[in-house]
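Just so you know, ligand 1 is whichever comes first in the structure, and atom 1 is the first atom listed for that ligand.
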Amino acid sequence: MASSLKNLSKYNPEDIPDSSEINIGIVVSDWNEEITHALYEGCFETLTKHGVKEENIHTVQVPGSFELPSGAKLLASSEKVDAVICLGCVIKGETPHNEYINQAVATGLTTLSVMSGKPFIFGLLTPNTMEQAKDRAGGKHGNKGVEAAVTALRMVHLKKDLQSSPKGIGFSS
Ligand code: DLZ
């Protein structure tokens, strides 16, 4: 499997333009907080590394990953944000419960993104074990929080580029 071979969080920082005027929302799930807080640290650090001002990063916590889409919607409605990053960790259990949560989050965030024209980023770990989660929250496969931050910035810059270009496809703000 590809992920057993590499750190998935490697990227070229020069690919991300200055982000000092960007506002970001972050929603963090309390479930598996050892993991989600590590994701948050990686995410926050990456945003500030690219110039996002600390006062322009708006963070809220939700009880579990199932609440990520509704928390994201509430945050986007109450703060001026260019993108919302959702961080959670659902570990596979003895029943299909995890599948329902993961599917609901994926569908919820896709719907929010498409309907609003604003990026809602899927920073949800869906591991089989706690060890796999640790590997992806600052361990040997990097930190999914870093990837989520990079994805958010890339999507915000993509939207800005399209809006400012004559060939822009006309997103509403
Ligand atoms: C109930 C539950 C379970 C069993 N497992 C997880 C998990 O591994 N990760 C997670 O983020 N949340 C879990 N939850 C909580 C649900 O996401 C949700 O908060 C509750 O079902 C209430 O809606």
Side-chain angles (χ1 to χ4, degrees), residues 1-11 22-49 52 54 56-79 81-116 118-156:
M1 202 194 303
S3 66
S4 65
L5 304 175
K6 61 176 185 172
N7 178 329
L8 302 169
S9 304
K10 287 198 176 135
Y11 70 102
I22 287 176
N23 294 274
I24 298 284
I26 307 179
V27 189
V28 188
S29 162
D30 287 341
W31 261 80
N32 300 314
E33 65 176 12
E34 173 189 358
I35 300 297
T36 60
H37 290 186
L39 297 177
Y40 179 70
E41 276 175 32
C43 181
F44 192 92
E45 222 172 77
T46 304
L47 293 172
T48 55
K49 176 175 149 186
V52 182
E54 289 194 15
N56 291 341
I57 301 175
H58 306 278
T59 303
V60 294
Q61 290 176 250
V62 292
S65 293
F66 186 80
E67 284 71 41
L68 287 171
S70 50
K73 167 83 172 153
L74 290 170
L75 180 55
S77 306
S78 68
E79 297 285 353
V81 288
D82 297 299
V84 181
I85 299 168
C86 296
L87 302 173
C89 173
V90 181
I91 298 176
K92 189 171 163 52
E94 290 176 2
T95 71
H97 192 260
N98 57 302
E99 292 169 26
Y100 292 107
I101 298 177
N102 296 341
Q103 190 59 56
V105 177
T107 305
L109 297 184
T110 305
T111 304
L112 285 170
S113 297
V114 172
M115 297 303 285
S116 68
K118 190 174 281 202
F120 286 78
I121 307 300
F122 184 88
L124 180 67
L125 289 180
T126 59
N128 295 324
T129 63
M130 178 55 89
E131 190 187 351
Q132 287 182 343
K134 287 179 181 167
D135 288 345
R136 290 157 178 79
K140 68 182 177 194
H141 295 314
N143 188 323
K144 184 82 179 168
V146 172
E147 292 171 52
V150 170
T151 304
L153 294 179
R154 284 189 57 188
M155 291 304 290
V156 171

Thr129: what forms a side chain to side chain contact (heavy atoms under 4.5 Å, CB included) with it, not counting sequence neighbours?
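For Thr129 the side chain to side chain contact (heavy atoms under 4.5 Å, CB included) partners, ignoring immediate neighbours, are Glu131, Gln132.
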Is it true that a side-chain atom of Thr107 and a backbone atom of Ala104 form a donor plus acceptor pair closer than 3.5 Å?
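Answer holds: no.
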Please find the pair of heavy atoms, one from Phe122 and one from Leu109, that lie closest to each other, and give the distance.
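In this case the closest contact between Phe122 and Leu109 is CA-CD1, 3.9 Å.
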Taking all non-hydrogen atoms of both residues, which atom of Pro127 and which atom of Leu125 are closest, and how far apart?
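Scanning both residues, the minimum pair turns out to be CD-C, 3.2 Å.
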List the protein residues in contact with ligand 1, where contact means a heavy-atom separation under 4.0 angstrom.
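Within the 4.0 Å shell of ligand 1, which is judged on heavy atoms, sit Ser29, Trp31, Asn32, Gly64, Ser65, Phe66, Glu67, Cys89, Val90, Ile91, His97, Ile101.
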Show the atom names and distances, to 0.1 Å, of all donor-acceptor pairs under 3.5 Å that link a side chain in residues 33-41 to residues at least two apart or in another chain.
unit_1 : atom_1 : unit_2 : atom_2 : d
Thr36  : OG1    : Ser29  : O      : 2.8
Tyr40  : OH     : Thr59  : OG1    : 2.8

Donor-acceptor pairs are to be reported for all side-chain atoms of residues 81-99 against protein atoms at under 3.5 Å, with residues two or more places apart or in another chain.
unit_1 : atom_1 : unit_2 : atom_2 : d
Asp82  : OD2    : Asn23  : N      : 2.8
Thr95  : OG1    : His97  : N      : 3.3

